[in-house]
Each structure stands twice: as structure tokens, then as C-alpha cells.
Novice: 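Sharing a structure below in C-alpha cells format, with a few things to ask.
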Amino acid sequence: MMTDHRHPLVAGYLDALATEVRRLPSDQARELMADIAEHLDAGVGDAANEAEVRNALDRLGTPRELVDAAAPTSAPGNEPARPGWIEAGAVIGLLVAELLFVILPVSLVAWIAGLVLLAVSKVWTAPQKVLGFVGLGTGFVAAWLTGLAS
Amino acid sequence: MVASQAAVTQLRRGVLEHCVLALLEGEERYGYDLVTQLSEAGLLASEGTMYPLLSRLRKDELVATSWRESPNGPPRRYYSLTPLGAEALRDFRGAWGQFARSVDAIMGRRTS
């Protein structure tokens, strides 16, 4: 690295940036350090006076601002959906339908409610829903068919 | 005053990415050159935040980079437009023309 010829203010800025980039994944941190060092080497000549250096650093922004701009945004809306009452309702409905299958009015309502909630869930993917149906939703029907056959 | 400043900040943020693509149209540039062009045009609040943006554009394959020797000093990273970037720029140009005309028509309503 060409640290020896850099203005002390530039070296100080890069040191502060090196501390700040630890918040980033290592490849991203390395890239930002290299980009900013290149920018300053291109923009602040060896003969730059202190006012010029300060001006260049002001225009660049603080190390914290740069790292904030590089950090992946963690907006509340971007979080993956978490299982909630719809998913709990689907599992409980289908379980109740299987366990209480002899009490038809209860189990039939629970079975239909469970299937509806399973279908409208935004958390589970389509394959997960099929698995849920095969695993939990078919027992009720199977139990009744067995009951009718015997 | 404060409200209009906030609006300008939002507008800048919205167009910056495609201004970078437009600057790269038909010519390669290195980072410092891109940053000073946009800074002089008054489109950057802080110059340093351009580099994370450039890195994102590269990750999205809208720009490509290559290292070149510089006449004086260490090699520099040059940015160029990819076909995907050219397509994004073309789309934005069309949308921007429409947008600018609509806003101008509404803003200039009283004077005409």
C-alpha cells in the first residue's frame, strides 16, 4: 500500500474508515477501503495543502456515512414473514379434525377451517403447503373412509 | 424550505443510479472521474457514498469493471456499461422523459 506518502489527515481518515468497515462482510469491507483509498490518491495530490485535503475529506462524507450506505438495508418491511395465528390455526384445525374425527360436526368444521388457513398462509411455500396437506389434511378423510368400510 | 430540500434529496437518490449508467454510455470511466462529474452536477450529497452504489451496480451486473494502468500511480478500476445496464438505461430514459414532461406541465401551469 502507498501509505507512506499520504497526508496525515488522509491517513487518519483511512484509519477511521478501517475501524468502521468492520461492520461489513470482509470482501465488502476490503472493496470499500480500496475504492476510497484510490479516490483519495487520485483526488488529493502529494502537493495538496491542508485546506484542500480537508475540503476533499468533507466532500467524501464521514466514514460512518460511507459504511451506512454500504451496509445492507434492514428496513422493517424486508424481514421474512414469521408464522403467526394463520399457521397455528391451520395446524390446530387439521390436528383437531384428525383426533376428533368421530365427532363429525366438530371435525368437519375444523378440517375445512384448517385447509382454508393452510391455503391462505403467506409464510409457507406451495410445496410446504402440499406437504402439510398430505401429512395432516388427509388423515381425517382416511379415518372416515376406514370407518365407512368397516 | 426543509420540505423542498427533503424532496430534492429523494429525487437525487432516485435518479443517481441511472445517471451513472448514462455517464458510462459509450465510454469507460474510473471511479474518481464518475464521482467528480456527478458531484459537480450537484447530484451527490457525499462523494464517498457513490462507491457502495457502484459496488451494487456491479453486483447487479449493470456495470462491469476492469483494472487499467494509470499514467501516474497505481492501476485504476474502470467501469463500463453491460448490455443489461444499457437496457436499464434505455428503459429509464423513456420513463424519465414522460415523468419530466408531466411534472413540467403541472409546474408550469400558472405561467403559460
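In what follows, every heavy atom counts, from backbone to side chain, and hydrogens, waters and symmetry copies are set aside. Not measured: the values here are computed from a predicted model.
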Novice: Answer yes or no: is there a side-chain heavy-atom contact under 4.5 Å between A:Glu38 and B:Tyr32?
Specialist: no

Novice: More than 12 foreign heavy atoms under 6.0 Å from CZ of A:Arg64: is that the case here?
Specialist: no

Novice: Between A:Leu66 and chain B, which part of the residue has a heavy atom less than 4.5 Å away: side chain, backbone, both or neither?
Specialist: both

Novice: Tell me, yes or no, whether the heavy-atom count around A:Gln128 atom CD, taken from other residues, nucleotides or ligands under 6.0 Å, exceeds 12.
Specialist: yes

Novice: Ignoring hydrogens, what is the shortest heavy-atom contact between B:Arg56 and A:Ala69? Give both atom names and the distance.
Specialist: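 Smallest heavy-atom distance, with atoms named: NH1-O, 3.5 Å.
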
Novice: If we only count heavy atoms from C-beta on, is the B:Ser46 to A:Leu60 side-chain gap below 4.5 Å?
Specialist: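 No, their side chains stay 4.5 Å or more apart.
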
Novice: Do B:Leu11 and B:Leu23 belong together in a cluster built from hydrophobic side chains that touch within less than 4.5 Å?
Specialist: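 No; tracing contacts between hydrophobic side chains, which count when under 4.5 Å, never links both residues.
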
Novice: Identify whether A:Ile92 and A:Ile103 are in the same connected component of the hydrophobic contact network (ILVMFWY, side-chain heavy atoms under 4.5 Å).
Specialist: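 Hydrophobic grouping puts A:Ile92 with A:Ile103.
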
Novice: Looking at A:Glu31 and B:Lys59, is any side-chain nitrogen of the basic one under 4.0 Å from a carboxylate oxygen of the acidic one?
Specialist: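 Salt bridge flag = no for A:Glu31 with B:Lys59.
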
Novice: State, to 0.1 Å, how close B:Arg77 and A:Asp35 come at their nearest heavy-atom pair, and which atoms those are.
Specialist: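 Heavy-atom minimum between the residues: NE-OD1, 3.5 Å.
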
Novice: Determine, using the 4.5 Å side-chain heavy-atom cutoff (strictly less than), whether A:Leu100 and A:Ile112 are members of one ILVMFWY cluster.
Specialist: yes

